[in-house]
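Working notes for the structure below.
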Amino acid sequence: MVSTLPPLSLLPPSPSFSQILQAHAQLVYLGLATSRAAIGHLLAACAISSAPPLSYIHSVYRQIERPNVFAANNLLRCLARGQSPRQTLVFYSAMRISGVPTNNYTFPFLLQACSREPSISEGAQVHTQVVKFGFCEDLYVRNGLISFYSTCGLLAESRKVFDHCPERRDVVSWNSMLAGYVRSSEIEVAEKLFDRMPEKDVISWSTMIMGYVQNGVLEKGIDLFKEMVGRGMAVNEATLVTVLSASAQLGLLEYGSFVHSIIKDSRFPMTMALGTALVDMYAKCGRIELSRHAFAEMPKRDAFAWNALICGLATHGQGREALELFHEFISEGLRPTSVTFVGVLNACSRSGLLDEGRHHFNAMVKDYGIKPEMEHYGCMVDLLGRAGLIPEALELIQGMSISPDPVLWGTLLGACKTYGFVDLGILVGKRLIELEPGHDGHYILLASIYAKARRWEDVVEVRRLMSIQGTNKVAGWSLIEAGGKLHKFLASGWAHMDSSKIYKTIEIIEQRLAEAGYLPNISPVLHDIEDEEKMQVIKAHSERLAIAYGFMVIGQGSPIRVVKNLRVCPDCHDFSKKVSKVFGREIIVRDGSRFHYFKDGACSCHDYW
DNA sequence: GTAGGGTTAG
């Protein structure tokens, strides 16, 4: 039996393709298959659904004999949201030629297409059309323009439209302007605009939070989220995803878990973006088993989700598991992306799986047609370098289709140092210093190569050069989460309110280590500093401050979790191993590139990092 | 029937 109700009104807010087909069948049955209004509504349903293929949408439209602007606008809307937004403008020209008029609804879709493409010249042409047809005063059209210029980074243009007539603004105008500043990393301007907003909705808040997080001001992002929740505002998926990403980047396990509990308590639907953000958060916070669990709980998984877990396993040194997962991913019939291979190759290099790494690198190019990017070369150079195959690594670099970046040379240099390729190491080190003369790390690496060759005069010379040239030394920091708070330490810092206690604790720890027969190691790199002074410098590395603080505030049964921005230095690595042995305490350090699990005097990285 | 925010990477 066929319903006597108008069929399209039965469609849910976001209809599936099969629901649309059913509605279409009903239209045919009712003899409405060529009705401009009915087909227009069917196209509107297609526009808010994600599934219908464009070929279907075009075929529906073609059934209308003399299309009106309503039907045409809805086709534009479908095209603007589709895979190839450029088609929107192609259709717009055709529609103008065939005599279909435009109205105020037409332009927002055209501008959306130009933002998504993105195409500055075409968007500017649309702007002239807007002027020509006299829609400059329409709020939706104006917002479309603001958003278009904002996404293309043309903030001055965007601002012109925004400022033009202030009484014709609503929260969307403000949000689009805000998003423009955020996207262009003008975070202070964005902050000011946010404070001035007459009305803020969920999107205003999440845009600002996202702005902080994407520009690396992570703590502010978390704080603003706290304020948002504290004000009793409803959060949405985008806010949760963003704040999980901030927790992940900072390694805030407690906070990330708290956000997870909000999701569970509010019975938020587990979407792919949220699930992926959870997988990533647990992996980056050192809980790979919870990451796996979050992955398993996802009702559906796309390549992003798989990539997050593969990459997570790789940073945890679980290379075999990552490869197993990759094979599962392939057998599910999904297409790997270039990021998938970053994870796979990284897994191989972290676990020393030489043949597998070579195999997957070749397969990536041959079987999947993915061009190697800097990251892939980085993994390969690391993999070959670790195996001591320095000549092969060098050959790979020399055969690259893109010009190698400093990080790549740095990886090679690290391998030269480990395997005593002194001459090549010196060449590469000098090259690196030429490329980035302001980067202190390069001088330190070159000095360490000279030190290895016992060329002390050269060590002194490089350090002298560094003191003249080196400027942009990245300040090392370590952080630890305790009592719902974030504690950040800088090397030799005294900013923390418990600093004197922390330095005392370090001394007590050192003393216990000495009693157990451990003498502190000092790297030869610091050769030109007096022994006593060296000891002071190393003692105050941010990582030790964090570990000492961990001893003070983290319960005996729990591991001490530290997140740091730079790589672990050999002295601190050694220190952490000894502490884990003498105090029977697990220490988990996430450094700039991987995890170190210190337990019983050993580290999960097997001392190669 | 219109516009704005989100996840993966050495």
Side-chain angles (χ1 to χ4, degrees), chain A residues 8 37 40-45 47-48 69-74 76-77 80 103-112 115 135 138-148 150-151 170-180 182-183 201-211 213-214 236-245 248 271-281 283-284 302-312 314-315 337-346 349-350 373-383 405 407-408 410-411 414 567 592-594:
Chain A
L8 291 165
H41 281 289
L42 188 69
L43 285 169
I48 51 171
V69 63
F70 174 60
N73 281 346
N74 277 307
L76 285 172
R77 190 179 173 194
N103 65 10
N104 55 325
Y105 287 82
T106 310
F107 296 101
F109 303 132
L110 295 180
L111 290 165
Q112 189 184 56
S115 311
F135 292 118
D138 184 89
L139 180 63
Y140 281 77
V141 175
R142 281 165 48 77
N143 286 347
L145 285 167
I146 295 171
S147 168
F148 159 69
S150 283
T151 33
D170 67 355
V171 67
V172 177
S173 329
W174 286 88
N175 287 347
S176 305
M177 200 62 237
L178 184 70
V182 160
R183 222 174 271 125
D201 65 5
V202 200
I203 292 184
S204 325
W205 286 84
S206 59
T207 304
M208 194 64 232
I209 292 171
M210 193 202 72
V213 173
Q214 291 189 341
N236 61 14
E237 195 192 354
T239 339
L240 294 167
V241 167
T242 305
V243 84
L244 281 172
S245 158
T271 59
M272 284 203 272
L274 256 188
T276 304
L278 283 170
V279 169
D280 182 50
M281 183 276 290
K284 289 214 171 84
D302 60 2
F304 273 65
W306 288 86
N307 289 352
L309 186 55
I310 292 173
C311 293
T315 39
T337 69
S338 98
V339 177
T340 316
F341 282 99
V342 172
V344 167
L345 296 177
N346 194 12
S349 84
R350 291 284 157 71
E373 292 160 23
M374 202 63 75
E375 286 82 357
H376 304 114
Y377 286 116
C379 296
M380 287 310 287
V381 169
D382 193 48
L383 177 67
D405 73 349
V407 183
L408 207 56
T411 308
R567 294 219 178 170
S593 75
R594 64 167 301 149

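Quick note on labels: first sequence line is chain A, next is B, and so on, each numbered from 1.
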Minimum-distance nucleotide to [X] side chain [options: [options]]:
X	options	result
A:Leu408	B:dA9, B:dG6, B:dG10	B:dG10
A:Val241	B:dG1, B:dG6, B:dT2	B:dG6
A:Asn307	B:dT8, B:dG6, B:dG10	B:dT8
A:Gln214	B:dA9, B:dT7, B:dG1	B:dT7
A:Glu237	B:dA9, B:dG1, B:dG6	B:dG6
A:Ala238	B:dG10, B:dG6, B:dA9	B:dG6
A:Ala273	B:dA3, B:dT7, B:dA9	B:dT7
A:Asn346	B:dG10, B:dT8, B:dG1	B:dG10
A:Asn104	B:dG10, B:dT8, B:dT2	B:dT2
A:Thr315	B:dG6, B:dA3, B:dG10	B:dG10

### Base of B:dG1 and ring of A:Tyr105 stacked, centres under 5.5 Å, planes under 30°
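Answer is yes, a stack.
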Check: [Y] and [X] side chains under 4.5 Å, non-hydrogen atoms:
X	Y	result
A:Leu139	A:Val172	no
A:Phe107	A:Leu110	yes
A:Asn73	A:Phe109	yes
A:Ser349	A:Val381	no
A:Glu375	A:Phe341	no
A:Leu244	A:Asp280	no

Describe the nucleic acid contact of [X] in one word from base, sugar-phosphate, nothing, applying a heavy-atom distance below 4.0 Å.
X	value
A:Phe109	sugar-phosphate
A:Arg567	nothing
A:Asp302	nothing
A:Asp280	sugar-phosphate
A:Ser206	base
A:Asp201	base
A:Arg142	nothing

How many Å lie between [atom1] on [X] and [atom2] on [N], as a whole number?
X	N	atom1	atom2	value
A:Met281	B:dT8	CE	C1'	15 Å
A:Gln112	B:dG1	CD	C1'	13 Å
A:Asp382	B:dA9	CG	C1'	14 Å
A:Leu278	B:dT8	CG	P	12 Å
A:Leu111	B:dA3	CG	P	11 Å
A:Ile310	B:dT7	CD1	C1'	15 Å
A:Trp306	B:dT8	CH2	C1'	14 Å
A:Ile203	B:dG6	CD1	P	10 Å

### Message
Checking A:Thr207 against A:Ser204: is there a side-chain donor and acceptor pair closer than 3.5 Å?
### Response
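Their side chains do not contain a donor-acceptor pair, so the 3.5 Å distance test is not met.
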### Task
May I ask you to verify if any side-chain N or O of A:Lys284 is less than 4.0 angstrom from the OP1 or OP2 atom of B:dA9?
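Yes, because at least one side-chain N or O of A:Lys284 sits under 4.0 Å from OP1 or OP2 of B:dA9.
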